[in-house]
Structures are given as C-alpha cells and as structure tokens.
Amino acid sequence: MDNIDLEVLKTAVQWSESGAYTLLATVVRTWGSAPRRVGSLMTIREDGHVKGSISGGCIEDDLIQKISTGEYRDRKPRVLTYGLSADEAHRFGLPCGGTLQFVLEPVCAQSRLPELLQVLQRQELVTRKLNLDTGVVSLTPGAQVPALRFDEHCLTAVHGPRYRLIIVGAAQVSRYVAAMAKSLDYQVVVCDPREEYLDEWDVEGVELSREMPDDLLIRLQLDARSAVLTLTHDPKLDDMALLEALISPAFYVGAIGSRANNEKRRERLALFDISEAEIARLHGPVGMHLGARTPPEIAIAILAEMTAIRNGVPVLQIHETRHAHRLASPEGCAA
C-alpha cells in the first residue's frame, strides 16, 4: 500500500471519529482507458472535502455536489458506475471509451479502519472483506486474494507493506535512484559496508546499512514486493547480493555494468548453487535503453524498467526494445 492510500485511510478515520459523515470510495473495475487504477482510494467528508482521487477531477466534483446536498447519506455501501455512454464519459472527463466503477461505503465503527491501520503499521499483509449487503467488514491475516476481487456482493482487497528497494552501493547513481524511488513511494534501503561511502549520504528518508549485502538481504526476507539493485561495480559486493536476490521472490533484480561485464557476472554466478533460470532473472545491463550517460539519466532508465516490470509489462517486450536500440547504437547503455 502506498503513502497516498494510507493518508486516505487515516483521514477517513479522523473525519469519521470527529462525528462527520464520511464515505470511502474504492475503484473496483475499469473498462477501456481509465484515469486511476483498480484499488485506488478516496475519502469524502459531508462538507465536500476530499482526500485522494478516483478519476482526477470530474467524478469527484459530481460526488462532492451530491454528498454536500445530502443526496448521498447511505448507511450501507453502494456501487456507482460512470462513463457507460460516450456522452457521460465526455461529461465526466473520462478518456475515450473509459468507464469507471467504484464502491462507496460509509465509514463507521464496523468499517474497522483503525484496526486495519494498526496492522499496516506493523508492516503486515491483511485481507479486508466488505459485505455490500450489510456493510460488515472482516479482516484476515495474509493475502487471501491476489490484490482485489469484486463480485457485486463482496469487495475483497489486500492491504499491506509498501514496495521495497534495496540498493547495494552508496555511489552517485545510488543517490539519484534512491531519491526518485522515494517519489515513487518505495521504502528504500541503501547498503554499503565500505565506511567511506555512507558518511556523506544526504537523501532524506532512506535507511542506511553497513551490513554485508548478503546478510542484509537474508535479514530483510525479500518478498514479491521487493527489488534489488547492485550498483557498486565491485564483484565482491554485487555478486554476494545477487546470489541471495536471484533465489528470492523479489520482482526485480538488476546489476549495473556493461554487457561484457554482465556476461562475466553471469559466468561467475553459474559457478555457485544457482540455476540457469534464476540467473536469467537478472536485469543486466540494468535499465531501459534511453541513451543514458549521466547518473540522473541512468537512474531514470533503471526506474523506468522497474516500473514496467511492476506494472506487468512483459519482460521480453522490454528486452526486445532495448536490444533493437542497441543494434542501432553499438555502444549500448551506460548502465
């Protein structure tokens, strides 16, 4: 769960506990082009104040008007759909053919949002199931569905820890990657056991570690919301981290270096107890081919590839595009 959604939930609890009629909106389905992803949250107070977004503007304005005038004062959840017709899509500023469906639920004691926030503060996964017929909510530890499921009578959503990025190496590129990753709402950990590299670190909100990279990754227990980047150019550090990262469920593992260096890296990894399929998970040279040369450009290339993988863009498609560009530019990507 990202910071925006956490702020929405916290605000919904504050408004409700202050005595204000409060609604929580969750995007459950989209058709065609849609401005927000499924699972996006927004809360609305009875006086029209909002936190979060479900469409980017026009639908919010319509909801605010109806809630402020008292048209929506439900005590049970309801399902709303916008953009069924071309005229309505145009009226509410939805992209061509876009349709958006969301659940609107009143926030009250049976919503169990304070309990949900307590679980999230412990960095645990939890499944929240809302019965639309009764408004009753249940909370179950762990992920009971992949992300979000909606069947007209129940809305089941998984809430949990933010995505994590572990960067091995506190060099110049690492600073730009860390800063940009923070803006994408990653929890960032920078690891470098070399004393001279962490002393001048100045990116706010980043956890620093002087542990050996493999020890750190074992301690952190990488999961499917984790990404690992090795940026030291030092095989003694990078390879140690990669050996742990590539056998983990981490959704992304990347290593900086030229094509030649990454081929040598793969040969070294093959000497250890790691399979060809696990080695094939390595993104190296790391990042999309953007003609990157400077540290900020390399950081953009890395995070562009990470974002694509996280959003489900096929890896083969990314690699084919990168390979085609490299054929046109023999020097390849600086990353």
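Note that this is a predicted model, so its numbers are computed, not measured. Below, each value reflects all heavy atoms present in this structure, side chains not excepted, and no hydrogens, waters or symmetry copies. In what follows, residues are counted from 1 in the order of the sequence shown.
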| task | Might you work through the side chain to side chain contact (heavy atoms under 4.5 Å, CB included) test for Leu113 and Val107, ending with a clear yes or no? | result | CA-CA 8 Å; Leu113 294 187; Val107 179; 3.8 Å; yes
| Arg164 side chain near Leu220 side chain, heavy-atom distance below 4.5 Å | yes
| Donor on one side chain, acceptor on other, Ser209 and Glu211, under 3.5 Å | yes
| message | Give me each pair satisfying salt bridge (Lys or Arg N to Asp or Glu O under 4.0 Å) with a member in residues 167-184, each pair once, sequence neighbours excluded. | response | Arg175-Asp202
| field | Derivation of the side chain to side chain donor-acceptor pair (under 3.5 Å) call for Glu297 and Tyr176 | value | CA-CA 9 Å; Glu297 290 174 344; Tyr176 288 98; over 6 Å; no
| message | Can a donor-acceptor pair be found, under 3.5 Å and without considering hydrogens, that links the side chain of Tyr21 to the backbone of Asp74? | response | yes
| request: For residues Leu117 and Val13, determine if any side-chain heavy atom of one lies less than 4.5 Å from a side-chain heavy atom of the other. | output: yes
| message | Within the 3.5 Å criterion, strictly below it, is a donor on His153 or Asp151 matched to an acceptor on the partner's side chain? | response | no
| Are more than 12 heavy atoms from other residues, nucleotides or ligands located less than 6.0 Å from atom CD of Glu204? | no
| said: Contact between Ile59 and Asp62 at the side-chain level, heavy atoms closer than 4.5 Å - yes or no? | reply: no
| Backbone N/O of Gly287 and side chain of Glu305: donor-acceptor pair under 3.5 Å | yes
| After noting the C-alpha distance and the side-chain angles of Met42 and Leu63, does the key distance pass the side chain to side chain contact (heavy atoms under 4.5 Å, CB included) rule? | CA-CA 11 Å; Met42 180 182 73; Leu63 287 174; 3.9 Å; yes
| Other residues, nucleotides, ligands: >12 heavy atoms within 6.0 Å of Glu276 CD | no
| remark: Interatomic distance, CD@Gln172 vs OG1@Thr294, rounded to 0.5 Å, equals 9.0 Å
| task | Report the distance from atom OG1 of Thr43 to atom CG of Leu104, rounding to the nearest 0.5 Å. | result | 9.5 Å
| task | Decide yes or no on side chain to side chain contact (heavy atoms under 4.5 Å, CB included) for Phe102 and Tyr82, but give the supporting numbers first. | result | CA-CA 9 Å; Phe102 56 93; Tyr82 283 78; 3.6 Å; yes
| Side-chain H-bond candidate by donor/acceptor type, Ser275 with Glu278, under 3.5 Å | yes
| Do Arg259 and Asn262 have side-chain N/O donor and acceptor atoms under 3.5 Å apart? | no
| remark: Here the pair of heavy atoms bringing Arg194 nearest to Gly169 is NH2-CA, 4.2 Å
| message | To check you understand the geometry: which heavy-atom pair defines the closest contact between Cys154 and Asn131, and what is its length? | response | SG-CA, 4.4 Å
| message | With a sphere of 6.0 Å drawn around CZ of Arg149, does it hold more than 12 non-hydrogen atoms of other residues, nucleotides or ligands? | response | no
| message | Assigning hydrophobic clusters by single linkage (Ile, Leu, Val, Met, Phe, Trp, Tyr; side-chain heavy-atom cutoff under 4.5 Å), is Leu222 placed with Ile274? | response | no
| said: Counting only heavy atoms not in Asn311 (residues, nucleotides, ligands), do more than 12 fall under 6.0 Å from its CG? | reply: yes
| Which atom of Asp238 lies closest to which atom of Leu231, heavy atoms considered | OD1-N, 3.8 Å
| remark: Closest heavy-atom pair, Ile247 versus Leu243, reported as atoms and distance to 0.1 Å, is CG1-O, 3.5 Å
| task | Take atom OH of Tyr197 as the centre, draw a 6.0 Å sphere, and report whether it contains more than 12 heavy atoms from other residues, nucleotides or ligands. | result | no
| query | Going from CG on Asp239 to NZ on Lys264, what distance comes out if it is rounded to the nearest 0.5 angstrom? | reply | 12.5 Å
| said: Within this structure, what is the CG-CD distance for the pair Leu80 and Gln101, rounded to the nearest 0.5 Å? | reply: 9.0 Å
| said: Less than 6.0 angstrom from the centroid, inside 45 degrees of the normal: does Arg225 satisfy that with respect to the ring of Phe251? | reply: no
| message | I'd like to check Phe150 versus Leu132 (side-chain heavy atoms, cut-off strictly below 4.5 Å). Are they in contact? | response | yes
| With a 4.5 Å limit on heavy-atom distance, are the side chains of Asp215 and Arg219 in contact? | no
| request: Would you confirm whether Ser16, through its side chain, and Ala12, through its main-chain N or O, come within 3.5 Å as a donor-acceptor pair? | output: no
| In terms of hydrophobic clustering (I, L, V, M, F, W, Y; side-chain heavy atoms under 4.5 Å; direct or indirect links), are Leu165 and Leu216 co-clustered? | no
| Would Val27 and Ile67 show up in the same hydrophobic cluster when neighbours are defined by side-chain heavy atoms closer than 4.5 Å? | yes
| query | Looking only at atom types and distance, does a side-chain atom of Ser40 sit under 3.5 Å from a main-chain N or O of Thr26, one as donor and one as acceptor? | reply | no
| query | How long is the span from the SG atom in Cys191 to the CG atom in Leu217, to the nearest 0.5 Å? | reply | 7.5 Å
| Between Arg45 and Thr22, does any side-chain donor sit less than 3.5 Å from a side-chain acceptor? | no
| query | In terms of side-chain geometry, is the basic nitrogen of Glu152 or Arg29 positioned less than 4.0 Å from the acidic oxygen of its partner? | reply | yes
| Nearest atoms (heavy-atom pairs only) where Thr134 meets Gln110 | O-NE2, 3.6 Å
| In terms of hydrophobic clusters joined by side-chain contacts under 4.5 Å, are Ile54 and Trp15 together? | no
| said: On a heavy-atom basis, which atom in Leu198 and which in Asp192 lie closest, and how many Å separate them? | reply: CD1-O, 3.5 Å
| query | Is Tyr252 close to Ser226 at the side-chain level, that is, under 4.5 Å between some pair of heavy atoms? | reply | no
| task | Evaluate the side-chain proximity of Val137 to Arg128: yes if any heavy-atom separation is below 4.5 Å, no if none is. | result | yes
| field | Candidate pair Arg265 and Leu242, rule side chain to side chain contact (heavy atoms under 4.5 Å, CB included), full reasoning | value | CA-CA 10 Å; Arg265 177 179 286 120; Leu242 293 174; 3.3 Å; yes
| In Å, rounded to the nearest 0.5 Å, how long is the span from OG1 of Thr127 to NE2 of His159? | 8.5 Å
| query | Given side chains that start at C-beta, do those of Tyr163 and Arg310 come closer than 4.5 Å, heavy atoms only? | reply | yes
| message | Within the 3.5 Å criterion, strictly below it, is a donor on Ser53 or Glu60 matched to an acceptor on the partner's side chain? | response | yes
| Can you get from Met180 to Val190 by hopping between Ile, Leu, Val, Met, Phe, Trp and Tyr side chains that sit under 4.5 Å apart? | yes
